[in-house]
Amino acid sequence: MSTPEIDGNEAADSALSGLPPALVQRLQALGDRSDFPAMSAQVMRVYQLAGNEHEKLHRLTDEILKDVALTNRLLRWVNSARYAGRIGGVGTVSRAVSMIGFTSVRNLALGLVLLEHMDAKGQKRLVQEAYARALFAAMLAREWCLAPQEAEEAFLGALMQGLGRMLVACYFPEEAQVIETRVAGDPAQERRVAVQVLGVGYEDLGVAVARSWGLPEATLRAMDRVDGVAPSRAPTDAVERVRWVAAAASRTVDALWSESPQRVMERLQVCCRQHAAVLARPVQSLVEGFQTACQKMGEMVDVIGLPVADGRAVGLWLRGSTKESMGSDLSTAVNPAGSPGQPQEVGTPTMPRGRLAFALAQALQDVTGTMADTRLSPALAQRHVLEAMCTALSCRAVVLCEREKERDGLRGLRGLGQGGDSLTQVFKVTLGQGEDLFAVLCRQPRDTWIEDARQASVVARLPAWFRQATAPRSMLILPLRQQGHLVGMVYAEDPQLSPQGLSEEDTVLLRVLKNLMVMSMSDRG
């Protein structure tokens, strides 16, 4: 972490000195957790992107591709019912950014990073519930934001307003359980009880951690929860306007989260009346925005596999409600495509072929569209093809190697995914009479999938530099040839293939991607 670092050093002590003792104690306890710095570092890398638009896109794509689960969840969401009819199938992170915007993808990635790191820790049920509440508030804030250019900041502000609750559920699970028991479904008591149990409020903890991550002052202000009655008019200051949108969305979700289905419409109307003036929106418009947020959140829950309790009103909102339990106005909006009691079909589009063939076809569509730009440099073309392979194969990492002219060998040219950069730097294969596994496979005319790369007979054939750099479970070796001559190789680490390996259709689609890579390498020469 940074500014202040939570690691007990002198600089951190100085930065923490002005904070309340209870908050300092909680921050130091977080810093002592071995898994907390990893989440902090990834959050900072995703958020703190600088440079021109191309550099930002590439850095964001690189960061997302390092995490296979994050990549898959993000692409599933982008391919869900929310976007599918508008933009068609998306097979790469780069195209997702070009379709829905850099900031939208970055904010979604930030949210999914939090879920990935916290999902398997602490009180898992409470972690997932805290995340769902924050995400729902974020989606509601986006719908309620009157200025389109401020919508993503409102989304991020509302999402991060739930950070403190998520951190407590993950890293202080015993206290989280006590808070839940004492609150007993009364959201009005939660803030008071949290301070009693933790010695610090959720908001103070979340803002302190977000500040240490280096989030800008505008986002920190948007995270500040508000007390008292909402103002009677919309703020003229943009940052304050975003803060109130995020606060109104968070207040509404908190008020309704544990509400009974029979009372939810009544409480929703009250919340909308309380915030209509500060949001400069009619009450009915806010109700309709809530209904839209319900539908989109329901899609997200299905796509990312987030369980939501069906016994409460929130479960009915997001899983498809009935007229008897929610009232006809809300249920029609939440479940417009299905009959009462039947949830609308959401999630990724139906795959008429095998999983890999479908993913390869989507990725191929993305990369051919990108490479149609004649101004694209060979290096960028190679990068796009490599990303398409990495995404479609759900690899841990991929490395493109090129044939060296000065010696009979291959060397790493560029890599993507977790450890892709470092592996690229050490990748060197001696061809000719070389007998290591890569040299042998590159002399063969076919692609090779090694399902179990941990077998002693396989490990013994791998070069020493490779064994020191990585230890894959499986690998796919794709020699690249032009007119029969080897010009390079793609190494794919831990691809997610079926036990039968590549089908005939998979092989054809992968061959097209390989041919595109060979074309880009020819241009480079």
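Quick caveat, the model's predicted, so the values are computed rather than measured. Because only heavy atoms are used, hydrogens play no part in the values below, and waters and symmetry mates are left out as well, while side chains stay in.
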- Message: Ring-plane angle category for Phe36 and Tyr171, please: parallel below 30°, perpendicular beyond 60°, tilted otherwise.
- Response: perpendicular

- Task: State which residue, out of Gln161, Glu203, Arg133, fulfils the side-chain hydrogen bond (donor to acceptor under 3.5 Å, both in side chains) condition with Ser250.
- Result: Gln161

- Message: Under a 3.5 Å distance rule, please check whether Asp366 uses its side chain to pair with a backbone N or O of Ser94 as donor and acceptor.
- Response: no

- Kindly determine whether Glu143 and Thr292 satisfy side-chain hydrogen bond (donor to acceptor under 3.5 Å, both in side chains), including the steps that lead there. CA-CA 7 Å; Glu143 296 302 318; Thr292 302; 4.6 Å; no

- Task: Could you tell me whether the side chain of Glu387 and the main chain of Val93 form a donor-acceptor pair under 3.5 Å?
- Result: yes

- Item | Sidechain N-carboxylate O distance under 4.0 Å for Arg243, Glu153 | no

- Query: Do Leu476 and Leu510 come close enough that some side-chain heavy atom pair is under 4.5 Å?
  - Reply: yes

- Message: Both conditions, 6.0 Å and 45 degrees, for the charged tip of Arg26 above the ring of Phe172: are they met here?
- Response: yes

- Donor-acceptor contact present, side-chain Arg414 to main-chain Leu400, <3.5 Å: no

- Is the cationic atom of Arg191 (NZ for Lys, CZ for Arg) positioned less than 6.0 Å from the six-membered ring centroid of Tyr202 and within 45 degrees of its normal? no

- Task: Say whether, by atom type as modelled, one donor and one acceptor occur between the side chain of Asp62 and the main chain of Arg59 under 3.5 angstrom.
- Result: no

- Heavy-atom donor-acceptor pair, Asp494 side chain to Cys395 backbone, under 3.5 Å: no

- For Pro235, does its backbone N or O pair with a side-chain atom of Arg241 as donor and acceptor, under 3.5 Å? yes

